[in-house]
Q: 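One structure coming up, written as structure tokens, with questions to follow.
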Amino acid sequence: MSESIDIINAFALLTNFVILPALSYGSQLALGALAVTLVYSILRFSNFAQGDSMAFGTMLTIIISGYMISRGWTITGVPTALLAIPMALIGMSIYLLTMDRLVYRYYRKIKAKQNIIGITASIGVMFVTGGIVRFVLGASAQRFGDGERFIFSVREFKAFTGLEQGIALKTSQFLTITVAILLVSFLFYFLQRTKTGKAMRAYSDNTELALLSGIDPDKVVRITWLLVALFTTIAGTLYGLDKGFAPQQYHLLLLPIFASVIVGGIGSPIGAIAGAFLVAFSEILLTYAYKKFLIYLLPLSMHPNSLVQLIGTEYKYAISFVILVIVLIIKPTGLFKGKVLDE
Amino acid sequence: MNNINNVWELYKTPISFVIMGLVLLFVGFNQSWALALGIINLSLISAIMALGVNIQWGYAGLFNVGIMGFAALGGVSVVLIAQQPVTEAIDAGGMKMLFSLIFGAVTIIVGVLLNRRGVNKWLTALIVVIGYLITRYYFSEAAGLIEKVNPAITGYLGGFGLPVAFSWVVGGLAAAGAAWWIGKITLGLRADYLAIATLGISEIILYVIKNEDWLVRGLKNVYGLPRPVAYELDMQKSEWFQNIVAWIHRIELNLLSETQKAVQLTDYVRDAAVVYVKLSYTGLFVLILAAFIVLSNLALNSPWGRKVRAIRDNEVAASAMGKNITRQHLQIFVLGSAIVGVAGALLVTYDGIFIPTAYQPLRFTFLIWVMVILGGSGNNMGSILGAFIIWFMWIQSGPMGLWLVEMLGNYIQEGNTSLEFLEDRVHYLRLVFMGTILLLIMRFSPGGILPEKNKEL
Amino acid sequence: MAYLEGNNLVASYGVVPILHECSVGVEKGELAVIVGPNGAGKSTVMRVLLGMLEATSGSVTLDGKDISMLSTQDRINHGLAFVPQTKNVFPSMTVEENLEMGGFIREDDINKTIDEVYELFPILHEKRKQLAMQLSGGQRQQVAFGRAMMTKPSVMLLDEPTAGVSPIVMDEIFSNILDVKKAGMAVLMVEQNAQQALNIADKGYVLVSGRNEHTGTGRDLINDPIVRKKFLGG
């Protein structure tokens, strides 16, 4: 290890252990948070089943990709899970539409206090969904990624740049960031430019007037669930490729996802994305042990003995919570002016 | 038909409870009294929790998704109050831990004060961060020292060695404190903020319990918590108890020879001791539950309670009358959580051990919710009935699932892997089952079994 | 027979009767105003005409055809347009998107109609990329009218268009309404500000407790001493 101050290696270290992981984690959260935002804007309730729905979508991907691998339907270098997503998407759409038909639609029709009823109902759906996932796949953690693990590995990077500190780009990270950019662009294009997308915004903005304008509410709701299926399945699969699949962990993703949504301002898509990256970066920056980083940057006499970790990794979900609390105290509308009070 | 409906409408509360009682008697005669009493005791504790949640949800529409956390705080209190102190651990790191906690508290207070005074935000943040780092430094050192003391048996500070009944009060106070803090931040904002905040705090409380070994031994569990009632072994040894058992079973015993009699009597005494201990708990829990019901009824009929009901029935009108809804909601939220905390302490007292991994959101938060909604939100008697029904179903659905799998097994040949698979996973179906019950009640009978009478005035 | 007509309408909310054989009508190129005290059933008439509330008896005809059995949606397809009293724009959408949403059900090219709206309300063209919530009260009311006109309706129903606005904005809105009328539509509106509304109206209906109390041209009603005394404050 060098004894002089070494900014380039310090930066490489930070990129490898903080920036890349936070970017991909943030992207996964953003996709989940957008799904919550969509349900909130159109169906007017906070969907507590989001984490478990992501587990459900991932479960479908795991089953289908398992079958594809057993049949030898794979492409070298590409995670089979990615190829399984379209099929999983169909299954997820059917599941969500069925749940809407059996559970949520009734409360829309009787015009119940949608947020409070929706939360209760979605908690019911959360347990049903979580139960199915655990019944099918068990509760223990598993990995389902195959194909190349790295776009480039630490060794390749070191050989290429000659740096002491390497950077690896995992396939899952690369996929997550690329797919997230594509999906978010698609969503914004869809909402801003297409007639159906505009109709959804109109419905969210002023439901009565949307009905008077001849917008079909059932169609808006249907398309919303299809979008939610898309975002949920992909967010879940990408998270699983990156960090492995465990039902309880998915269930708890609810905390950072809701923190993202509320930090950004409930109902605002841009806010949800900004919130997701804020939460992801806070979580990783605060739980990262800075010892090596500081060794690169400080003269020998000041090298730290301890790990220089601000918060233990076991408390990472507490960070989402603390961010949530700070936002609620300082600016309950979130960064992008969401809706603070029930209508 | 009409007559039956009328009778049901008039007497549905007693009828429901009598039916539930008969079912439990049936369990007692057919399975065992220990099992029936076990179900009753846990139903009673669940009923107290459900009562707390009902006060929040039924009286004020407040969404507590963190019941588990408040119950866990109650459980921690039992350890911290009733366990004997571990003197070596206190000598090793007690002072340092105390110092770091005080330093942490001072940091927070200074931070809040500076912020209120409008001191430069960055300066305040810097002071808080430095304070945090110092706290954390001493804290981890102290925690390390404490956890090193005989980790196989202790490795934590222990408690104050006070009578266990104190811990129930402290459990309630701890839960009330957490609820006050959460409520202060989220009440008055959107309904889902409270829900998500309670969910968050409850998970965090659990993380703290599982990871801070110096406090309650983390995942190593705390065994041998003191009891408020007699121990089985003592009962078996005591002469008067043996005499009573002998008297109860005198007819059966008289048929036997002297040697057989002694053996049989020991058996009877062992069983009776278990039943006796459970019965004493039953008595205790019934007393506490009754006290809470009486208190909550008194409260509801006081001027305070009339205000609560006015707000519940028409929030808009009440706020137009200048009633401070947020403050009222905060009071209700704190009260309800305190009751949940007491119930959590009772539960750990009853179990006699503290197992952090036993705190599952399904077992606590969700089941209690289903109890309240099934029984009839807003109705205290409903919550109690719901607690009995749901806990009974919960206990019996485990064996029933296995039984189903066995029935299936008769049709599938031996050694089939799918059967093992089913046996392994079938208990997860309880989640699906309970979720479905909740959704069905909400959809088809939103009032529950015993709907609150005066909900719509 | 008038272009849009409600004949002997009877309606109730649950068990509370609201309308008792009430009749209204409006011709193309004409402005009819419904006035009356609070609770007279003014807005209810409008809801019945639109099919948002079902009449127990009586009929609604449009151009001589009975449309009583049609849904709100179908009535809008047949040429009715409605501007609600409040929440009559999509606040977080641009002016142009508001107009597009107004023409949502149309399959043909709506750009021509958008241009016509801009011609009628030039300020909207200037602010077409702005969000509706950033506009002033009067401008927002123009967006609301414009949105309703996007289906190229033959009848425009307005529910208290001047509720809660300042007198200056009120004048602006009334002049907008006259513009809409000039475009050849039948305009029927419910108004609280009876004096001003009757001033510009071709026809007026005074409703009391769900019954037609007085009917006549706007001028006649204003000059009618009983109407003046009871409803126009002397």
Q: On a heavy-atom basis, which atom in A/R134 and which in B/R425 lie closest, and how many Å separate them?
A: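 What the structure gives for the nearest pair is O-CD, 3.5 Å.
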
Q: Given heavy-atom pairs under 4.5 angstrom as the criterion, report whether the side chain, backbone, both or neither of A/F135 touches chain B.
A: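 For A/F135, backbone and side chain are both near chain B.
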
Q: With respect to chain A, which residue among B/Y428, B/Y137, B/F433 yields the maximal number of heavy-atom pairs within a distance under 4.5 Å?
A: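 Of B/Y428, B/Y137, B/F433, B/Y428 has the most heavy-atom pairs under 4.5 Å with chain A.
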
Q: Between B/P361, B/G435, B/G61, who has the most heavy-atom pairs with chain A when the cutoff is under 4.5 Å?
A: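 Max contact count across the listed options: B/G435.
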
Q: Quick one: are A/L102 and B/L439 in side-chain contact, heavy atoms under 4.5 Å?
A: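 Side chain of A/L102 against side chain of B/L439, heavy atoms only: no contact under 4.5 Å found.
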
Q: Please look at A/T120 and chain B and tell me whether the side chain, the backbone, both or neither of the residue comes under 4.5 angstrom of a heavy atom of that chain.
A: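 Contact with chain B: backbone and side chain both.
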
Q: Below 4.5 Å, heavy atoms only, C-beta onward: do A/Y106 and B/R443 meet side chain to side chain?
A: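 The answer is yes; the side chains approach within 4.5 Å.
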
Q: Drop me the distance from B/L199's CG to A/H251's NE2, to the nearest 0.5 angstrom.
A: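 So the CG of B/L199 and the NE2 of A/H251 are separated by 6.0 Å.
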
Q: In terms of heavy-atom proximity below 4.5 Å to chain A, should B/L431 be classed as side chain, backbone, both, or neither?
A: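 It is both, since atoms from each part get that close.
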
Q: Counting neighbours of NZ on B/K184 that are heavy atoms of other residues, nucleotides or ligands and sit closer than 6.0 Å, is the number greater than 12?
A: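 Check fails, neighbour count at 12 or below.
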
Q: Using side-chain heavy atoms (C-beta onward) and a distance below 4.5 Å, is B/W57 in contact with A/I116?
A: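 Yes, at least one pair of side-chain atoms sits under 4.5 Å.
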
Q: Donor-acceptor pair, distance only, cut-off 3.5 Å: does the side chain of B/Y132 make one with the backbone of A/L310?
A: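 Yes; judged by distance alone, with no hydrogens or angles, the pair exists.
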
Q: So does B/Y138 have more than 12 non-hydrogen atoms from other groups sitting under 6.0 Å from OH?
A: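 No, OH of B/Y138 has 12 or fewer neighbouring heavy atoms, counting only those of other groups under 6.0 Å.
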
Q: Identify the two heavy atoms, one from B/I185 and one from A/V325, that lie closest to each other, and give their separation to 0.1 Å.
A: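 Minimum heavy-atom separation between B/I185 and A/V325: CD1-CG1, 3.4 Å.
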
Q: Please look at A/V136 and chain B and tell me whether the side chain, the backbone, both or neither of the residue comes under 4.5 angstrom of a heavy atom of that chain.
A: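 For A/V136, the contact with chain B is made by the backbone alone.
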
Q: Sort out for me which of A/G130, A/G124, A/A139, A/G118 touches chain B most, counting heavy-atom pairs under 4.5 Å.
A: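 Counting heavy-atom pairs under 4.5 Å, the top option is A/G124.
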
Q: Is any side-chain heavy atom of A/V327 less than 4.5 Å from a side-chain heavy atom of B/Y193?
A: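 Of all side-chain heavy-atom pairs linking B/Y193 with A/V327, none is under 4.5 Å.
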
Q: Which bit of A/L137 comes within less than 4.5 Å of chain B, counting heavy atoms only: side chain, backbone, both or neither?
A: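 Answer is backbone: N, CA, C or O of A/L137 sit under 4.5 Å from chain B.
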
Q: Heavy-atom count around A/K243 NZ within 6.0 Å, excluding the residue itself: above 12?
A: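 Counting neighbours around NZ of A/K243, more than 12 heavy atoms of other residues, nucleotides or ligands fall under 6.0 Å, so yes.
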
Q: Side chains of B/W369 and A/I123: does their closest heavy-atom pair fall under 4.5 Å?
A: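 Answer no - side chains too far apart.
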
Q: Tell me, for A/A259 versus chain B, whether the close heavy atoms (under 4.5 Å) come from the side chain, the backbone, both or neither.
A: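 Neither part.
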
Q: How long is the gap from CD on B/E212 to CD on A/E314, to the nearest 0.5 Å?
A: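 Going from CD on B/E212 over to CD on A/E314, the span is 7.0 Å.
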
Q: Would you mind checking which part of A/L324 comes under 4.5 Å of any heavy atom in chain B, side chain (CB onward), backbone (N, CA, C, O), both or neither?
A: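 The answer is the side chain of A/L324.
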
Q: What residue among B/V65, B/I196, B/D192 forms side-chain contact (heavy atoms from CB on, under 4.5 Å) with A/I119?
A: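 The residue from B/V65, B/I196, B/D192 that satisfies side-chain contact (heavy atoms from CB on, under 4.5 Å) with A/I119 turns out to be B/D192.
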
Q: Please identify, among A/I117, A/L254, A/I311, the residue contributing the most non-hydrogen atom pairs under 4.5 Å to chain B.
A: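 Answer, by heavy-atom pair count under 4.5 Å with chain B: A/I311.
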
Q: So, does B/R136 use its side chain to make a donor-acceptor pair with the main chain of A/Q309 at under 3.5 Å?
A: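 Yes, B/R136 side chain to A/Q309 backbone: donor-acceptor pair under 3.5 Å.
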
Q: Which residues in residues 201-209 of chain B have any heavy atom closer than 4.5 Å to a heavy atom of chain A?
A: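 B/I201, B/E203, B/I204, B/Y207, B/V208, listed by number.
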
Q: Ignoring hydrogens, what is the shortest heavy-atom contact between B/A197 and A/F321? Give both atom names and the distance.
A: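 Looking at all heavy atoms of both residues, the shortest contact is O-CE1, 3.2 Å.
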
Q: Taking side chain as everything from C-beta outward and backbone as N, CA, C, O, which of these in A/F45 sits under 4.5 Å from a heavy atom of chain B? Side chain, backbone, both or neither.
A: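 Neither part; nothing is under 4.5 Å.
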
